[in-house]
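I have placed the structure first, in the form of structure tokens, so that the comments after it can refer back to it.
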Amino acid sequence: MTVELTVTGAVDTREDVSHDMFGINVLIDHQTDAGHVTAWTDQTLTALETENVRFPGGQLHSLYGDGLLDNNDIPAALAAFLDDAKAQGLTVTLVVPVKPTDTSYDAWD
């Protein structure tokens with residue numbers, strides 16, 4: 001697959017842009033089944049020659065709704081996703097909440 005991109009109005013900052021700055025979001029509710037990558041998502045990541053993915057791709061409450069730990073362990077869906085990513089040779093950028101997901105805690109508002 002070839003993608004052409006034209007950039008206009010760019011300003012030279014003299015800083016390098018690395019492929020490490022980019023990844024693909026994998027949405028837990030749409031592209032996984034309980035954390036396991038769906039066949040469609042797997043095919044898409046392969047076709048795009050993906051090296052890094054962001055998880056849970058902006059759907060923090062779906063993964064961390066009960067907190068960052070579940071009985072002193074990471075959520076099962078996160079463990080499943082990390083296992084799948086490792087098997088596919090992907091690196092993972094974990095998206096973690098910086099604000100409590102418990103809506104009863106309003107000190108951040």
### Task
Check step by step if side chain to side chain contact (heavy atoms under 4.5 Å, CB included) holds for F55 and T93.
CA-CA 6 Å; F55 187 75; T93 300; over 6 Å; no

### Message
Test side chain to side chain contact (heavy atoms under 4.5 Å, CB included) on V53 and N25; report intermediate values, then the result.
### Response
CA-CA 6 Å; V53 292; N25 285 344; over 6 Å; no

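Partners of T50 under the side-chain hydrogen bond (donor to acceptor under 3.5 Å, both in side chains) rule, at least two apart in sequence or in another chain, do not exist in this structure. For T44, there are no side-chain hydrogen bond (donor to acceptor under 3.5 Å, both in side chains) partners, not counting sequence neighbours.
At a threshold of 4.5 Å between non-hydrogen side-chain atoms, the residues N52 and L90 do not count as touching.
Contact record, A34 with A80: O-CB, 3.8 Å, taken as the closest heavy-atom pair.
Counting only residues at least two apart or on different chains, the side chain to side chain donor-acceptor pair (under 3.5 Å) pairs with a member in residues 76-90 are H36-D84, D42-Q88.
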